Amino acid sequence: MAGVVGTAFLGASALAACGGGSADTANTIKAAIAGEPDQLDPQKSSSYFTFEVLENVFDTLVEPDEQLQMRPALAESWEVSEDGLQWIFTVRDGVTFHNGDPLTAADVEYSFRRIIDEELSNAYKLEAIESITALDDRHVRFTVSAPTPNLLTSIGGFKGLAIVNRRNVESGEITTRPIGTGPFSFVSRSPGASIVLASNPAYWGGAPAVDGVRYSFISQGTTAVSALRSGEIDWTDAIPAQQLSILRRDDSLDVGTVVANDYWYVTMNFDAAPFDDTRVRQAVAYAIDRDSIAQVVGYGTATPNELAIPPTSPWFAPYERYTAGLDRDAAVAKSRELLRQAGIRGLDMRLMVTTEYPETVTAAQVIASNLADIGIDVKIEQLDFGAWLDRQAAGDFDALLLGWLGNIDPEDFYYAQHHSEGTSNAQKYSNPEVDALLDRGRTELDVEARKRIYAEAASIIADDVSYLYLYNPSSTQAFVTQLKGYVVRSDKAIRFRDARLERS
């Protein structure tokens, strides 16, 4: 889950006073995001706010296009051996880092070895890789332990798999002055206020049409919307859902909304009785009104779902155990019967949410009301994200509510979260049948067979209520009509490299 630490409030009237940089011109995109990056090392961060910035500073070997199909990036091409165990990537010629160092295959080897050897946050995505070897300056070989259908997604699905500059890393400056190969280079950071990027005229994909990007941190959505409508910023994704109708009526603005590949969920602690009882978890799953939660949180932009993968994805599988054919009264009756079977006549639940994601607080309030109908008294525990992560890691929760961002391949949605040895299985779920299916899905090369495998695994996961899925949100962004060439993406990657400003 992408989190955020140290979110700062910035009033609209203070935007012009943010710290400066050489990219500040009339041709600079002024963007506002809802929180401040926790750090600037892409391989170590798990913050979405970090990647909103670093998406434009770093490149990956391959990358997803607008349809989330993997395409060449720093690798211009690749070949796969007949047995599927060796992949040889050809690195683009003439690419340079922002400090002038040439990009070579050795940088690719170093970048992935760093993730694996230091067990950084995305090391689990690279578990199939047995070795990475730079064959010469332009060719690097990946050897995998078994055919790996999602290798491209695993090595380039998002900027946490960025190719980094060795000198920048070993000097320690990557945390304060990151150096990548991307379309924009880092200029300056004013803590609590802004980050400024400048256009990279030597970018391998062609120099951006703008001079740079200034990111301001505005934690309050109404302030960001006011700044956008007054012309103090050009772009924002810090938009309260209830403001969308107002923005859509403003002729000076464009509003883009797509169903995101994110999902939001509740999970209960399998090590904390009585939540170790499947009947209790299913009672909660029947009692929760997903439609109401999606409406309250998303004001009509969120899509209720009983599984993780949204209906817009080619990996979507239908599943409606907890809602099909049941009105509210029938769902409550079903929940009460399951609790009776489990010997539960009254129950307290601590539901842990984080204030860094206000939607979790809003959703928790609806959930508390829903569960009161079946005799479960919910205590909502609102924590800052750091404390939330500590409590999750310690297993100190009855239930928690959060989301997963940046998913593309079906493995992204299920393996780390639900395999008994998954790195993000905080709920301590274990089902040998699910383990076997998820292991098979990792090596199955036939697309239709993979779809069936993941549909079956997802159905069991939902039956067992390892995660209680709530909804898929939308990715919604608003920007001035003078900002052209910008695309709102379902993976929520914020790419300004093809954008241009046409100010009058």
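In this text, all values refer to a predicted model and were calculated from it rather than measured experimentally. Hydrogens, waters and symmetry mates are skipped; everything else that's a heavy atom, side chains included, is used.
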Exercise. Can you check whether D237 reaches I239 side chain to side chain, under 4.5 Å on heavy atoms?
Worked result: no
Exercise. Less than 4.0 Å between a side-chain N and a carboxylate O, is that true for R489 and E66?
Worked result: no
Exercise. Is R450 salt-bridged to D409, going by a charged N under 4.0 Å from an acidic O?
Worked result: yes
Exercise. Is the number of heavy atoms from other residues, nucleotides or ligands within 6.0 Å of NZ (K484) greater than 12?
Worked result: yes
For this session: Can you label the angle between the W264 ring and the Y471 ring as parallel, tilted or perpendicular, going by 30° and 60°?
Result: parallel
For this session: Using distance alone, with no hydrogens and no angle criterion, decide if T28 and R214 have a side-chain donor and acceptor under 3.5 Å apart.
Result: no
Exercise. Would the H418 and Y467 ring centres measure less than 6.0 Å apart?
Worked result: yes
Problem set entry | Lys/Arg-Asp/Glu bridge criterion (N-O < 4.0 Å) met for R503, D234 | yes
Exercise. For the atom pair CD1 (I195) and OG1 (T50), what is the distance rounded to the nearest 0.5 Å?
Worked result: 7.5 Å
For this session: Flag the pair S466 / Q417 as yes when at least one side-chain heavy-atom distance between them is below 4.5 Å, and no otherwise.
Result: no
For this session: Salt-bridge test for E232 and K30: reply yes if a basic N is under 4.0 Å from a carboxylate O, no otherwise.
Result: no
Problem set entry | F97 side chain near D107 side chain, heavy-atom distance below 4.5 Å | yes
Exercise. Between P72 and R92, is any pair of side-chain heavy atoms under 4.5 Å apart?
Worked result: yes
Exercise. So, do F496 and F184 have ring centers that fall under 6.0 Å from each other?
Worked result: no
Exercise. Does the side chain of N27 pick up a donor-acceptor pair with the side chain of T25 at under 3.5 Å?
Worked result: no
Exercise. Are the aromatic rings of F142 and W78 close, with centres under 6.0 Å apart?
Worked result: no
Problem set entry | Sidechain N-carboxylate O distance under 4.0 Å for D262, K492 | yes
Seminar exercise, completed: Rounding to 0.5 Å, atoms OG1 (T257) and CG (L244) come to a distance of 5.5 Å
Exercise. Does the distance from a Lys or Arg side-chain N to an Asp or Glu carboxylate O, for E109 and R114, drop under 4.0 Å?
Worked result: no
Problem set entry | E173 side chain reached by R167 side chain, heavy atoms, under 4.5 Å | no
For this session: If the plane angle is over 60° it's perpendicular, under 30° parallel, otherwise tilted; pick one for Y265 and Y263.
Result: tilted
For this session: Would you give the length of the straight line joining atom CZ of R189 to atom CZ of R177, rounded to the nearest 0.5 angstrom?
Result: 12.0 Å
Problem set entry | For the student: nearest non-hydrogen atoms of W87 and T148, plus distance | CZ2-O, 3.7 Å
Exercise. Any chance the side chains of N150 and E411 put a donor and an acceptor closer than 3.5 Å?
Worked result: yes
Exercise. CD of E421: more than 12 outside heavy atoms within 6.0 angstrom?
Worked result: no
Seminar exercise, completed: Nearest heavy-atom contact between L307 and A317 is CD1-O, 3.4 Å
Exercise. Could you give the distance from CD1 (I132) to OG (S111), rounded to the nearest 0.5 Å?
Worked result: 9.5 Å
For this session: Kindly indicate whether a cation-pi arrangement holds for R497 with Y203, taking the cut-offs as under 6.0 Å to the six-membered ring centre and within 45° of the axis.
Result: no
For this session: Before accepting this row, confirm whether a basic side-chain N of the pair R113/E118 lies closer than 4.0 Å to the acidic partner's carboxylate O.
Result: no
For this session: Determine, step by step, whether R442 and E127 satisfy the salt bridge (Lys or Arg N to Asp or Glu O under 4.0 Å) criterion, reporting the C-alpha distance in whole Å, the side-chain angles of both residues, the deciding distance to 0.1 Å, and the verdict.
Result: CA-CA 11 Å; R442 280 188 148 186; E127 290 175 353; 3.1 Å; yes
For this session: Please confirm whether F51 and F158 have ring centers closer than 6.0 angstrom.
Result: yes
Seminar exercise, completed: Rounded to the nearest 0.5 Å, the OH atom of Y414 sits from the CD1 atom of I461 at a distance of 6.5 Å
Problem set entry | Separation of T143 OG1 from R141 CZ (nearest 0.5 Å) | 5.0 Å
Problem set entry | Lys/Arg N to Asp/Glu carboxylate O, K159 vs D59, below 4.0 Å | no
Exercise. Taking the inter-plane angle between the rings of Y357 and F49 on a 0 to 90° scale, is it parallel (under 30°), tilted (30 to 60°) or perpendicular (over 60°)?
Worked result: parallel
Problem set entry | SB check R500 E502 (cutoff 4.0 Å) | yes
